[in-house]
Colleague: 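Once you've had a glance at the structure underneath, I'll fire off some questions.
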Amino acid sequence: IFSIVVFGSIVNECYVNKDSQNPELLCIFNENESACSYGIAVGIIAFFGCIFFFVVDLYFQQISSVKDRKRAVLLDLGFSGFLAFLWFVAFCFLANQWQRTTLTRGFAQGADAARAAITFSFFSIIVWVVLAVRALQRYRLGTDMSLFATDQFPADPSAPYPGYPVGSGTESTETYQSPPFTETLEANPKGYQVPAY
């Protein structure tokens, strides 16, 4: 959402006419086209990256290969860290260019959008750092089997390994459970004769 606010506000309101005599649209950030382009580019990259990793998170439990899961978590970690850095650069660049901007009558119209882009760039730094830390925790959790088999094991790591399921639907407190097929087999079932050779 923050990326939409940043690139949306820059695209919609940060290109303005300096005055009524000059019809050319200029970037409001100190008339520096690079500042607007960088903010838009980082916002779009972050938006599509969020969509991609949202889909990866939805299908994460269905990834059967441990190596593929590890790659997905490492990709998430790297992308989140890289985007936190890009947002930091965007915040510093936009804030610096805004500080150097002299507000004319035309530029004053887009001032709120410029301030919103700078503010949400700062908030994006925090969000992407948090996402990178969460991905790092998830990666460190990879040595624990709960990352790879969350449906089969209890959440408590000190809990015992579950035994065979009991037919009544309740688990027994015994440490040993017999296998599910415990019928006693007769040596010679009725009606069957062992052939003599």
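Residue numbers run from 1 in the order of the sequence given. Scope of the values below: all heavy atoms of this structure, side chains included, with no hydrogens, waters or symmetry mates.
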Colleague: Please name the pair of heavy atoms, one in V6 and one in G39, separated by the smallest distance, quoted to 0.1 Å.
Modeller: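 V6 and G39 have their closest heavy atoms at CG1-O, 4.0 Å.
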Colleague: For S34, is there any backbone N or O sitting under 3.5 Å from a side-chain donor or acceptor partner on N32?
Modeller: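 Pair found, side chain donor or acceptor close to backbone of S34.
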Colleague: Are any non-hydrogen side-chain atoms of V11 and I40 less than 4.5 angstrom apart?
Modeller: yes
Colleague: Please report the C-alpha distance between F2 and V127 in whole Å, then the side-chain angles of each, then the deciding distance to 0.1 Å, and finally whether the side-chain contact (heavy atoms from CB on, under 4.5 Å) criterion is met.
Modeller: CA-CA 9 Å; F2 292 166; V127 168; 3.5 Å; yes
Colleague: According to the interplanar angle, ranging from 0 to 90°, do the rings of F53 and F79 count as parallel (below 30°), tilted (30 to 60°) or perpendicular (above 60°)?
Modeller: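 The rings of F53 and F79 sit tilted, inter-plane angle from 30° to 60°.
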Colleague: Can you find a heavy atom in the side chain of L75 that is under 4.5 Å from one in the side chain of F52?
Modeller: yes
Colleague: Does the cation-pi check pass for R138 over F60, that is, NZ or CZ under 6.0 Å from the six-membered ring centre and within 45° of its axis?
Modeller: yes
Colleague: What I'd like to find out is whether the side chain of W128 reaches to under 4.5 Å of the side chain of C50, using heavy atoms alone.
Modeller: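 W128 reaches C50 side chain to side chain.
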Colleague: Taking the side chain as everything from C-beta on, heavy atoms only, tell me whether I126 gets closer than 4.5 Å to W87.
Modeller: no
Colleague: Using a 6.0 Å cut-off, check whether atom CZ of F123 has over 12 heavy atoms from anything other than its own residue.
Modeller: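 Not buried by this count: 12 neighbours or fewer within 6.0 Å.
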Colleague: Between R100 and F29, is there a side-chain heavy-atom distance shorter than 4.5 Å?
Modeller: no
Colleague: Are there over 12 heavy-atom neighbours, none belonging to I1, within less than 6.0 Å of that residue's CD1?
Modeller: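 It does not: I1 CD1 has 12 such atoms or fewer within range.
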Colleague: I'd like to check I10 versus C36 (side-chain heavy atoms, cut-off strictly below 4.5 Å). Are they in contact?
Modeller: yes
Colleague: Hydrophobic cluster mates of Y59, side-chain heavy atoms under 4.5 angstrom, ILVMFWY only, any path?
Modeller: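 Y59 shares its hydrophobic cluster with F54, V55, L58.
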Colleague: Where the side chain of S80 meets the backbone of L77, is there a donor-acceptor pair that is under 3.5 Å apart?
Modeller: no
Colleague: Return the minimal non-hydrogen interatomic distance between Q97 and A35, and the atom names on each side.
Modeller: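 Closest heavy-atom pair between Q97 and A35: CG-CB, 4.1 Å.
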Colleague: Let me check something: do F85 and Y38 share a hydrophobic cluster, defined by ILVMFWY side-chain heavy atoms less than 4.5 Å apart, either directly or through other members?
Modeller: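 Yes, one cluster joins them.
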Colleague: With rounding to the nearest 0.5 angstrom, report the CD1 to CZ distance, I63 to R69.
Modeller: 6.5 Å
Colleague: Report yes if the side chains of F91 and I125 come closer than 4.5 Å at any heavy-atom pair, otherwise no.
Modeller: yes
Colleague: Measure the CG-OH distance between L74 and Y139 for me, rounded to the nearest 0.5 Å.
Modeller: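 Rounded to the nearest 0.5 Å, the CG-OH separation comes out at 5.0 Å.
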Colleague: Of all the heavy-atom pairs spanning A132 and G81, show the shortest one and how long it is.
Modeller: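 Where A132 meets G81 most closely, the heavy atoms are CB-N, 3.9 Å.
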Colleague: How far does CG of N96 sit from CD1 of I118, to the nearest 0.5 angstrom?
Modeller: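 N96 atom CG to I118 atom CD1 measures 10.0 Å (nearest 0.5 Å).
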Colleague: Locate the shortest heavy-atom distance separating S3 from G43; write the atom from each residue and the value.
Modeller: CB-O, 3.3 Å
Colleague: When rounded to the nearest 0.5 angstrom, what is the spacing between CD1 in I28 and CG in D112?
Modeller: 9.0 Å
Colleague: Tell me, with the steps shown, if L83 and I45 meet side-chain contact (heavy atoms from CB on, under 4.5 Å).
Modeller: CA-CA 9 Å; L83 229 26; I45 290 169; 4.1 Å; yes
Colleague: So, are R71 and D76 salt-bridged, with charged N and O less than 4.0 Å apart?
Modeller: no
Colleague: Tell me, do F88 and S121 make a side-chain contact under 4.5 Å, heavy atoms counted?
Modeller: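 Of all side-chain heavy-atom pairs linking S121 with F88, none is under 4.5 Å.
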